[in-house]
Amino acid sequence: MKNGDHLFLIDGSGYIFRAYHALPPLTRKSDGLPVGAVSGFCNMLWKLLKDARNTDVGIVPTHFAVIFDYSSKTFRNTLYSEYKANRTAPPEDLIPQFGLIRQATRAFNLPCIEKEGFEADDLIATYARLAVEAGGDVTIVSSDKDLMQLVNHKVQMYDGMKDKQISIPEVIEKWGVPPEKMIDLQSLTGDSTDNIPGIPGIGPKTAAQLLGEYGNLDTLLARASEIKQQKRRENIITFAEQARLSRELVTLKNDVPIDVELDELVLDPQDGPKLIGFLKAMEFTSLTRRVAETTGTDAAEIEPVPVETQWGAAAHGPDMEVSVTVAVGVEVEVTDVSPSLPAGSGGGVTPAELAKSRANAAIAEKIDTTTYVCIRDLATLQQWIDEATENGIVAFDTETNSLLPMQAELIGLSLALAPGRAAYVPLSHKSGAGDLLGGGMLEGQIPLDQALAALKPMLEDRSVLKIAQNMKFDWLIMHRHGIDIAPFDDTMLISYALDAGPGGHGMDSLSERWLGHKTIQYKDVTGNGRSSVTFDMVDLERATAYAGEDADVTLRLWRALKPRLAAEGMATVYERLERPLVEVLARMEARGISIDRQILSRLSGDLAQSAAAIEDEIYKLAGERFNIGSPKQLGDILFGRMGFPGGSKTKTGQWSTSAQVLEDLAAAGHELPRKIVDWRQLTKLKSTYTDALPGFIHAETKRVHTCYAMAATSTGRLSSSDPNLQNIPIRTTEGRKIRTAFIAAPGHKLISADYSQIELRVLAHVADIPQLKQAFAEDMDIHAMTASEMFGVPVEGMPSEVRRRAKAINFGIIYGISAFGLANQLSIPREEAGQYIRTYFERFPGIRDYMEATKAFARANGYVETIFGRRAHYPEIRSSNPQMRAFNERAAINAPIQGSAADIIRHAMIRMDDALAAAKLSARMLLQVHDELVFEAPDKEVEETITIVRHIMENAAMPAVSLSVPLRVDARAAQNWDEAH
DNA sequence: GTCCGACCGTA
DNA sequence: TTACGGTCGGACG
């Protein structure tokens with residue numbers, strides 16, 4: 001190396017993590033191998049190399065190397081055992097990419113450099129020093145602040161993803177100190193991601209100011225007593241030693257003994273065929289094409305090169321040593337079908353093959369529920385816990401006396417370590433069914449607090465994966481006992497990510513489907529109906545069989561289903577949209593919302609009075625007393641005895657008395673049907689809301705805790721029950737009053753933030769409709785715009801009826817429109833509705849194309865996808881029954897739109913808690929209503945909370961998806977939900 | 001007691 | 001025309 005040469009050092013390990021989180025997820029089409037970060041890495045390398053003169057760096061590299069971390073243990077761990085101790089395991093779909101990126105590097109003909117005991121950063125520091133000493137210049141491709149200490153007039157950094165150069169001025173601008181003071185700055189601030197302590201209470205701003213004043217860390221520490229702020233002075237004196245230790249940790253080692261000499265890093269020319277062989281194996285088609293063009297290679301001539309990948313059966317523990325080394329891209333014998341955990345220790349299998357062998361094994365292994373252990377002493381429990389900890393994987397289940405997690409009491413819990421090896425730990429079983437007083441606690445159970453104390457370290461141990469069926473329930477139960485389970489997998493959610501569509505994801509049905517095993521029914525254990533008992537009354541033998549089976553089945557399901565995530569390309573959906581939401585929703589459910597009992601009680605009285613008055617009038621008009629709430633009796637009276645015209649029948653042959661039918665009669669001048677409609681509205685509000693809601697107020701928290709179902713819908717939406725807080729009235733003034741009972745705690749406000757027209761915006765994006773995109777870009781009234789476009793009526797002074805029809809059509813489009821449905825909705829003839837639809841498609845031909853393409857995709861694949869890759873399956877779309885087929889087609893058109901919107905708000909929710917915490921706001925998310933989030937915030941934080949909430953929600957699709965239409969969020973704060981919405 | 005259909009509240 | 005959950009009446013056992 002000589003004067004004028006230029007060395008590029010790529011921070012390979014840093015790039016992997018950053019690319020994984022910043023780039024949209026991507027999986028290899030043929031087998032679901034996750035390759036998003038690999039793709040980003042290859043594109044970046046190609047950009048840097050293809051024509052050095054034209055790169056964004058604007059510099060011609062003469063030498064080039066990609067540097068990696070060797071392992072997680074380095075010399076820094078001997079300095080400080082806690083170094084990087086809080087790192088969690090890399091996401092499962094990232095793990096195979098570590099190896100792939102090294103192979104990519106070699107395919108690019110570039111040296112791959114790593115060294116045991118040292119971090120990539122130390123190697124980079126060493127090579128940078130050597131290059132400068134040899135007279136060369138250096139560009140470090142990374143954006144990691146830990147490397148900024150290396151920047152000087154010969155060494156710069158380049159952020160390959162933001163396309164930004166970082167030299168001395170940029171460092172000063174960002175951190176307020178020149179690069180040579182970065183070490184001192186980091187020693188003061190510490191770094192929570194690397195677990196570097198620093199000095200408490202000192203952030204980058206304070207650190208920069210102190211270093212400006214005192215020059216360097218040693219001077220600062222020596223003269224700490226001069227600092228005026230008392231707290232700061234005390235902290236610096238107290239934690240001086242900690243700062244010195246931090247300095248040792250953050251100082252990069254620039255004298256690592258190197259194995260590859262500087263001169264060996266000379267940039268070789270690209271080997272087109274070699275690179276293309278790799279890119280083809282990765283199935284990066286567009287990059288393959290570009291490389292072929294530039295290097296003048298005929299890509300068709302080149303075979304994909306077999307690629308080695310590490311594909312883990314389970315991501316758990318910080319080091320992830322458990323993984324399967326497999327050859328992908330070549331035919332291999334499936335050798336690993338062993339039932340032991342962790343699965344796979346050398347067999348050559350692709351994700352798809354492993355999934356298949358696991359499915360076969362799962363159904364082949366029979367289940368015997370009589371072999372489970374009942375644990376009744378602490379020592380035995382501790383043995384199981386120790387084994388679980390050593391294993392790194394355990395299935396976990398709680399038994400309670402209620403399905404409502406906020407009021408359920410813990411009765412016992414079960415663990416499974418391996419298929420067939422499960423145990424039940426009774427904790428609160430009662431004795432003496434014959435005892436008049438109900439019996440006391442059963443003898444021979446581990447005291448609850450002791451059992452929980454023993455379990456807590458394992459349940460919270462980051463190196464032990466906990467598996468449950470519907471983890472949100474168990475998480476919340478344990479959360480109420482001071483234990484926050486992590487990390488975890490959820491078989492229900494894995495099933496949901498894989499197989500959302502008709503058919504549920506309950507354990508019983510999953511067991512039958514995947515294990516061929518009929519589970520013991522809860523009812524067979526606790527009894528039926530009147531004679532049923534709570535689980536704490538069940539004898540231990542039967543309780544052990546039932547509870548042990550739950551854990552055993554859960555573990556087996558996990559083994560059968562988990563590998564399918566990678567094989568079918570659904571790992572990202574599961575890990576980004578399902579699993580992280582568990583804790584978010586559990587915390588929302590635990591918080592609950594405050595309801596004013598008095599308001600509801602008063603409303604109930606009012607409703608009862610009004611309904612009674614109408615009831616009398618109804619009897620007078622009908623000439624007899626009858627049960628107005630019985631559609632059967634009502635239909636017979638209206639259309640039988642009284643002979644009203646225009647009756648229609650339901651599919652069971654009864655007279656229909658739907659609101660639509662009654663409204664039509666009322667419009668024709670009949671008094672009685674109007675009264676019925678009014679009576680129905682009042683009694684509905686009373687029975688479903690004002691009477692029912694107070695029963696859900698929790699005895700201790702005095703708040704209402706709804707329960708969200710994560711796997712109940714085919715589209716990705718949540719559902720809410722017990723009580724359902726997603727259908728609280730809003731359309732009528734009478735109904736709205738119910739919302740005034742949902743109130744903020746004293747000193748707080750409720751904030752309601754809702755997406756404006758999110759589904760139509762998603763439609764505009766996915767169907768790529770220019771007029772719609774422009775209308776949203778300009779924040780126009782979308783229904784008026786549609787009406788104007790369709791009927792040629794100017795938006796100014798548009799009759800409301802015209803807009804109403806356009807609005808109905810817009811919704812119809814989202815729902816997979818039919819002339820029949822639109823005619824029904826608008827009460828117009830079917831011919832007229834059909835004409836509307838034709839006109840709409842003429843004005844927006846892209847929508848028709850999109851709908852046809854979606855139907856064709858669904859027919860071909862049996863499912864449709866959201867913009868984030870969530871799938872909804874519609875196997876019946878190929879039905880020979882035309883009605884069935886049409887229904888499935890409409891649902892398939894709707895699912896990507898409704899589902900994408902659901903995914904967007906899921907993203908927002910997953911990020912929200914951290915965003916609020918980062919802004920030091922104590923606002924809390926309470927409710928989700930499909931396109932709306934409700935928060936409770938202290939009065940003083942309302943404005944700032946709205947800013948953060950809006951920002952997170954409006955940018956929720958990024959970076960996974962870049963929408964071509966802006967998202968807009970309306971937010972308002974008030975004392976109650978009615979005024980806030 | 002349990003299940004299903006009709007009806008209706010929300011997005 | 002999409003997606004849900006709750007209440008009621010009424011039929012079934």
Side-chain angles (χ1 to χ4, degrees), chain A residues 500 523 527-532 626-635 649-662 676-677 680-693 695-696 706-709 712-732 734-736 738-739 754-760 763 808-826 830 833-834 836-837 851 864 872 874 886-899 901-902 905 927-932 981:
Chain A
K523 278 178 185 159
N528 250 333
R530 182 197 295 270
S531 58
S532 72
F626 64 102
N627 187 343
I628 309 170
S630 164
K632 184 172 146 60
Q633 293 181 33
L634 179 64
K649 299 283 184 80
T650 68
K651 64 172 176 237
T652 55
Q654 296 286 328
W655 291 108
S656 168
T657 64
S658 68
Q660 181 67 64
V661 169
L662 299 179
I676 308 275
V677 170
R680 280 225 182 116
Q681 196 207 358
L682 299 176
T683 53
K684 168 91 175 177
L685 293 176
K686 184 168 185 292
S687 65
T688 307
Y689 303 103
T690 59
D691 286 354
L693 283 172
F696 287 99
T706 185
C707 181
Y708 289 101
T713 72
S714 50
T715 55
R717 273 193 179 180
L718 304 176
S719 76
S720 154
S721 64
D722 308 295
N724 182 352
L725 295 187
Q726 290 180 325
N727 72 343
I728 302 302
I730 192 166
R731 290 177 193 182
T732 64
E734 279 305 301
R736 274 191 95 110
I738 291 163
R739 292 196 170 220
D754 67 299
Y755 284 109
S756 158
Q757 307 289 4
I758 188 169
E759 293 190 354
L760 281 172
L763 175 70
I809 294 166
N810 275 334
F811 279 104
I813 293 296
I814 292 171
Y815 298 154
I817 202 158
S818 78
F820 181 85
L822 184 64
N824 247 350
Q825 178 69 29
L826 287 175
R830 200 147 80 188
Y836 281 177
I837 294 171
M851 290 170 76
V864 289
Y874 295 96
F887 174 78
N888 276 274
E889 286 174 353
R890 291 193 298 270
I893 288 168
N894 173 252
I897 303 169
Q898 187 184 115
I905 198 166
L927 303 178
Q928 190 249 40
V929 193
H930 309 307
D931 66 357
E932 173 190 8
H981 188 79

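Here is how names work: the chains are called A, B, and so on, in the same order as the sequence lines, proteins then strands, and each is numbered from 1.
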- Query: Out of dC4(C), dG6(C), dA11(B), which has the shortest distance to the side chain of Thr713(A)?
  - Reply: dC4(C)
- Message: Rounded to whole Å, please give me the gap between CG in Asn888(A) and P in dT1(C).
- Response: 14 Å
- Message: Tell me the closest heavy-atom pair linking Lys649(A) and Gly653(A), and the distance in Å.
- Response: CD-O, 3.3 Å
- Message: Looking only at the side chain of His981(A) (C-beta and beyond, no hydrogens), which of the listed nucleotides dA11(B), dC4(C), dT1(C) gets closest?
- Response: dA11(B)
- Looking at Thr683(A), does any N or O in its side chain come under 4.0 Å of the phosphate oxygens OP1/OP2 on dC8(B)? no
- Message: Is there a side-chain contact between Leu763(A) and Ile813(A) in this structure, where contact means two heavy atoms from C-beta onward sitting under 4.5 Å apart?
- Response: yes
- Message: Does dT7(C) have its OP1 or OP2 closer than 4.0 Å to a side-chain nitrogen or oxygen of Ser687(A)?
- Response: no
- Using atom CD of Gln660(A) as one end and atom P of dT1(C) as the other, report the distance to the nearest whole Å. 11 Å
- Between dC4(C) (C1') and Glu759(A) (CD): distance, integer Å: 13 Å
- Message: Does Phe820(A) reach a base, just sugar-phosphate, or nothing at all? Heavy atoms under 4.0 Å.
- Response: sugar-phosphate
- Side-chain touch Ser721(A)/Thr706(A), heavy atoms, less than 4.5 angstrom: no
- Message: Please pick, from dT10(B), dA3(C), dG5(C), the nucleotide with the shortest atom-to-atom distance to any side-chain atom of Ser719(A).
- Response: dG5(C)
- Message: Without decimals, in angstroms, what is the distance between Asn627(A) CG and dG10(C) C1'?
- Response: 10 Å
- Name the nucleic acid region contacted by Ile728(A), choosing base, sugar-phosphate or nothing; use a 4.0 angstrom heavy-atom cut-off, strictly under. sugar-phosphate
- Message: Need one value for Asp754(A): base, sugar-phosphate or nothing, where a base atom within 4.0 Å counts as base even if backbone is also close, heavy atoms only.
- Response: nothing
- Item | Heavy-atom check, side chain of Leu725(A) versus side chain of Ile728(A), under 4.5 Å | yes
- Message: Strictly below 4.0 Å: does Ser630(A) bring a side-chain N or O up to OP1 or OP2 of dG10(C)?
- Response: yes
- Message: Does dC8(B) have its OP1 or OP2 closer than 4.0 Å to a side-chain nitrogen or oxygen of Arg680(A)?
- Response: yes
- Query: Is it the case that Thr657(A) and Arg680(A) place a side-chain donor and acceptor less than 3.5 Å from each other?
  - Reply: yes
- Item | Tyr815(A) over dT2(C), stacked by centroid distance under 5.5 Å, angle under 30° | yes
- Message: Using a heavy-atom cut-off of 4.0 Å across all strands, would you classify Gly629(A) as base, sugar-phosphate, or nothing?
- Response: sugar-phosphate
- Can you find a side-chain donor-acceptor pair between Ser719(A) and Gln726(A) that sits under 3.5 Å? no
- Query: Does the side chain of Gln633(A) get closer than 4.0 angstrom to OP1 or OP2 of dG10(C) through an N or O atom?
  - Reply: yes
- Message: Between Ser658(A) and dA6(B), is there a contact of a side-chain N or O with OP1 or OP2 at under 4.0 Å?
- Response: no
- Task: Find the distance His930(A):NE2 to dT2(C):P and express it as a whole number of Å.
- Result: 16 Å
- Query: Is any side-chain N or O of Asn724(A) under 3.5 Å from a base N or O of dG5(C), one able to act as donor and the other as acceptor?
  - Reply: no
- Query: Checking all strands, does Ala692(A) fall into the base, sugar-phosphate, or nothing category for heavy-atom contacts under 4.0 angstrom?
  - Reply: sugar-phosphate
- Note on the structure: Here the distance between atom P of dG6(C) and atom CD1 of Ile738(A), to the nearest Å, is 15 Å
- Note on the structure: Rounded to whole Å, OH of Tyr689(A) lies from P of dG5(C) at a distance of 13 Å
- Query: Where the side chain of Ser656(A) is concerned, which of dG5(C), dC7(B), dT1(C) is the nearest nucleotide?
  - Reply: dC7(B)
- Task: Report yes if a side-chain nitrogen or oxygen of Arg890(A) is closer than 4.0 Å to either non-bridging phosphate oxygen (OP1 or OP2) of dA3(C); otherwise report no.
- Result: no
- Item | side-chain N/O Thr650(A) vs dA6(B) OP1/OP2, d < 4.0 Å | yes
- Checking all strands, does Phe887(A) fall into the base, sugar-phosphate, or nothing category for heavy-atom contacts under 4.0 angstrom? sugar-phosphate
- d(CG, Leu634(A); P, dT7(C)) in whole Å: 21 Å
- Message: Is the phosphate of dG9(B) approached by Arg731(A) (side-chain N or O, under 4.0 Å from OP1 or OP2)?
- Response: no
- Task: Give one of base, sugar-phosphate or nothing for Ala808(A), where a contact means two heavy atoms less than 4.0 Å apart.
- Result: base
- Note on the structure: Here the gap from Asn894(A) atom CG to Phe811(A) atom CZ, rounded to the nearest 0.5 Å, amounts to 11.5 Å
- Task: Classify the nucleic acid contact of Leu718(A) as base, sugar-phosphate or nothing, counting any heavy atom under 4.0 Å across all strands shown.
- Result: nothing
